[in-house]
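What follows is one structure encoded as structure tokens, with my remarks underneath.
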Amino acid sequence: MPVSPDQGSTGGHTEVILTGSDFTGAYDVSFGSSRAASFTVVNNTTIIATTPIGCGAVRVTVTTPRGTGFVGYFYYLPPPVVRFATPSVGPIAGGNTVTITGSHFWTASEVRFGTRAVAFTVVSDDKLTVTVPAASAGPVTVTVTTRGGTTTARDVYNYLNPPALTSVSPAFGPADGGNQVVLTGTALSHTTGVTIGGIPVTAYRIVSDTRIEVLVPAGTPGPADVSVTTLGGTTTAVGAYTYQAAFAVLAGQTVTNTGPSVVNGDLGVSPGTAVTGFPPGLVNGTIHSADAAALQAQNDLTVAYDNAAGRTPDASISGDLGGLTLAPGVYNAASSIGLTGTLTLDAGGNVNAVWVFQVGSTLTTASASSVLLINGAAPRNVYWQIGSSATLGTNTTFVGRILALTSITITTGTTIDGQALARNGSVTMDNNTITRRT
């Protein structure tokens with residue numbers, strides 16, 4: 001090749017070797033109309049020259065005392081243009097493939113992420129694919145070198161820390177899903193998927209880099225892993241969420257009933273075995289007496305109870321809750337509380353609003369008392385963690401999940417829109433209707 005290389009930057013400074021004859025005594029080398037920045041006559045057939053600034057295809061000539069001769073063509077190439085990377089973020093571990101988009105890539109000889117050279121493939125004059133190296137979190141420059149020059153584009157690619165989960169709230173819910181939980185952690189902005197128990201969530205919303213709201217899918221009763229996958233990696237919180245079995249009534253020792261009570265959901269007892277009063281009571285579900293399902297339900301109840309008891313209170317309550325209207329939150333009573341009249345729970349339009357009542361001792365309702373839900377409040381999102389036992393007076397209209405350490409007594413005519421779950425003692429019923437809500 002008479003001009004080697006025959007391509008170089010429009011900015012000049014490309015060293016080329018000219019091969020020909022009768023070069024001895026040469027006093028001028030030109031690239032088009034511009035003289036070479038410098039040149040050296042090596043011998044009669046070789047000149048080493050440095051290109052001047054130029055553009056396009058130009059004739060290369062050598063002038064000696066004997067005249068001017070044409071050697072060949074030199075092609076000035078524009079420097080590469082680096083526009084963006086797709087995806088523009090990825091894990092600090094690297095190893096992923098990214099497409100760099102721009103122009104003038106055909107003669108690419110090197111690509112760097114920050115200071116590190118990377119493996120790359122020229123797909124077309126306006127596209128490169130690269131295998132990303134490992135690096136620390138944060139943005140890096142992307143540098144592309146071609147025969148036309150070197151271009152460095154700032155902050156084209158951003159390394160992400162892997163995500164981390166710090167909490168799942170609430171950490172329990174119905175086995176048939178449909179409820180919302182909030183995941184908090186770090187590096188969550190670029191989330192691409194969330195699973196609970198290995199099942200993709202029904203939907204999720206990225207609120208911020210530290211918060212995701214997810215709609216829980218149906219699952220199997222018991223603890224489930226929660227996994228979040230982002231463009232920075234995957235994190236798994238083992239057993240962070242507990243699916244609660246479909247029990248409307250659960251006791252530790254016995255379940256007894258008088259009259260034509262109706263239980264809409266499963267009914268169980270464990271480790272006790274006694275279930276009496278069905279019939280005349282009706283269970284629109286399955287009765288579990290000290291079987292594996294009831295045992296698992298008790299284990300789940302313990303987890304749910306401890307989770308509710310361990311939450312940081314938003315406010316203190318005491319005495320009688322009748323006549324109060326409460327916004328969502330965690331309410332703590334150091335000892336016993338009562339309910340005479342109506343307690344109103346106002347969701348303020350938030351259908352996912354949650355109430356947790358931490359009762360240090362007993363819960364007792366007076367006859368004809370009620371819990372009223374307004375503005376989108378849902379029975380499944382109301383939790384009553386009772387430190388000993390609960391007694392619901394006659395004709396009470398009650399709402400929520402009762403998680404009692406000892407026993408639950410449901411007197412004549414009372415209805416529960418939720419669950420009656422007792423850990424260690426009994427559930428006693430008398431002509432009641434209990435409907436489990438998802």
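All values derive from a computational prediction rather than experimental measurement.
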Q) Can you list the steps and then say if Thr184 with Ser167 is a side-chain hydrogen bond (donor to acceptor under 3.5 Å, both in side chains)? A) CA-CA 5 Å; Thr184 56; Ser167 71; 2.2 Å; yes

Q. Going through the distances and angles, do Thr254 and Thr256 end up as a side-chain hydrogen bond (donor to acceptor under 3.5 Å, both in side chains)?
A. CA-CA 6 Å; Thr254 63; Thr256 60; 5.3 Å; no

Q: Take Val354 and Asn352, measure what side chain to side chain contact (heavy atoms under 4.5 Å, CB included) needs, and give me the verdict at the end.
A: CA-CA 6 Å; Val354 175; Asn352 297 304; over 6 Å; no

Q.
If you apply the rule side chain to side chain contact (heavy atoms under 4.5 Å, CB included), what do you find for Asn264 with Thr433, and how did you get there?
A. CA-CA 8 Å; Asn264 294 308; Thr433 298; 4.2 Å; yes

(Q) Quick one, His104 with Asp125, criterion side chain to side chain contact (heavy atoms under 4.5 Å, CB included). Give me CA distance, side-chain angles, the key distance, then yes/no. (A) CA-CA 5 Å; His104 312 307; Asp125 195 48; 4.2 Å; yes

(Q) Applying side-chain hydrogen bond (donor to acceptor under 3.5 Å, both in side chains) to Thr412 and Asp430, what does each step give before you reach the verdict? (A) CA-CA 5 Å; Thr412 306; Asp430 183 1; 2.6 Å; yes

Q: Could you give me the CA-CA distance, side-chain angles and deciding distance for Val132 and Asn96, then say whether side chain to side chain contact (heavy atoms under 4.5 Å, CB included) is met?
A: CA-CA 6 Å; Val132 180; Asn96 52 310; 3.5 Å; yes

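Side chain of Gln419 to main chain of Thr435: no donor-acceptor pair is present (N/O by atom type, distance under 3.5 Å, no hydrogens or angles). A donor-acceptor contact shorter than 3.5 Å is absent between the side chain of Asp300 and the backbone of Thr302. Judged by distance alone, with hydrogens and angles left aside, the side-chain atoms of Arg401 form a donor-acceptor pair with the main-chain N or O of Arg380 at under 3.5 Å. When atom types are taken as modelled, the side chain of Glu15 and the backbone of Pro5 share no donor-acceptor pair closer than 3.5 angstrom. No donor-acceptor pair closer than 3.5 Å links the side chain of Asn431 to the backbone N or O of Gly413. Judged by distance alone, with hydrogens and angles left aside, the side-chain atoms of Ser34 form no donor-acceptor pair with the main-chain N or O of Pro52 at under 3.5 Å. Side chain of Ser289 to main chain of Thr273: a donor-acceptor pair is present (N/O by atom type, distance under 3.5 Å, no hydrogens or angles). In this structure a side-chain-to-backbone donor-acceptor pair under 3.5 Å is present from Ser369 to Leu339. With hydrogens and angles disregarded, no donor-acceptor distance shorter than 3.5 Å links the side chain of Thr195 to the backbone of Pro200. The backbone N or O of Thr394 sits less than 3.5 Å from a side-chain atom of Thr411, completing a donor-acceptor pair.
For Phe31 and Tyr76, the ring centers sit 6.0 Å or farther from each other.
Note that OG1 of Thr342 is 11.5 Å distant from CG of Leu321, once rounded to the nearest 0.5 Å. Between the CD1 atom of Ile100 and the CG atom of Leu128 there is a distance of 7.0 Å, given to the nearest 0.5 Å. The CZ atom of Arg423 lies 9.5 Å from the CG atom of Leu403; values are rounded to the nearest 0.5 Å. Interatomic distance, CD1 of Ile212 versus CG of Leu188, reported as 4.5 Å (0.5 Å rounding). Here the CG-CG distance, from Leu267 to Asn284, works out to 11.5 Å after rounding to the nearest 0.5 Å. Note that OG of Ser270 is 11.0 Å distant from CG of Leu301, once rounded to the nearest 0.5 Å.
Looking only at side-chain heavy atoms (C-beta outward), Val140 and Arg116 stay at 4.5 Å or farther from each other. Residues Phe105 and Val111 are not in side-chain contact: their nearest non-hydrogen atoms beyond the backbone lie 4.5 Å or more apart. The shortest distance between side-chain heavy atoms of Phe278 and Val263 falls below 4.5 Å. Side-chain contact between Leu405 and Asn424: present, with at least one pair of heavy atoms (C-beta onward) separated by less than 4.5 Å. Thr192 is listed as a side-chain neighbour of Leu231, based on a closest heavy-atom distance under 4.5 Å. Under the 4.5 Å side-chain criterion, counting only non-hydrogen atoms from C-beta, Trp106 is in contact with Val122. Val255 is not listed as a side-chain neighbour of Ile287, based on a closest heavy-atom distance of 4.5 Å or more. A 4.5 Å side-chain heavy-atom check between Ile408 and Ser389 finds every atom pair outside the cut-off.
Nearest heavy-atom pair across Ala377 and Ala347 is N-CB, 3.4 Å. Here the closest non-hydrogen pair linking Val226 and Leu165 is O-CD1, 3.7 Å. Nearest heavy-atom pair, Val228 versus Thr191, reported as atom, atom and distance to 0.1 Å: CG1-OG1, 3.7 Å. For the pair Pro223 and Gln296, the tightest heavy-atom approach, listed with the atom from each and the gap, is CD-NE2, 4.2 Å. Nearest heavy atoms, Leu183 versus Val194: CD1-CG1, 3.9 Å. Across every non-hydrogen atom of Gly193 and Tyr204, the tightest pair is N-OH, 3.7 Å.
A side-chain donor from one of Arg311 and Ser169 sits under 3.5 Å from a side-chain acceptor of the other. With 3.5 Å as the limit, one finds no donor-acceptor pair spanning the side chains of Ser367 and Asn395. Judged purely by distance below 3.5 Å, without hydrogens or angles, the side chains of Thr340 and Asp320 pair a donor atom with an acceptor atom. Looking only at atom types and distance, the side chain of Ser426 has no donor-acceptor partner in the side chain of Thr428 under 3.5 Å away. Counted by atom type alone, Ser370 and Thr397 present zero donor-acceptor pairs between their side chains at under 3.5 Å. Under the 3.5 Å distance criterion, with hydrogens and angles disregarded, no donor-acceptor pair is assigned to the side chains of Ser388 and Thr362. Side-chain atoms of Asp209 and Ser189 form a donor-acceptor pair, as typed in the model, at a separation below 3.5 Å. A donor-acceptor pair shorter than 3.5 Å can be found between the side chains of Thr50 and Ser38.
A ring pair (Phe, Tyr, Trp, His ring centres under 6.0 Å) with Tyr383 holds for exactly one of Tyr305, Trp355, Phe172; it is Phe172.
A search for ring-ring contact (aromatic ring centres under 6.0 Å, His included) contacts involving Trp384 returns Phe357, Phe398, not counting sequence neighbours. For the side-chain hydrogen bond (donor to acceptor under 3.5 Å, both in side chains) test, residues two or more places apart in sequence or in another chain that qualify with Ser227 are Thr236.
Enclosure of atom CD1 in Ile53 is not indicated, since only 12 or fewer non-hydrogen atoms of other residues, nucleotides or ligands lie within 6.0 angstrom.
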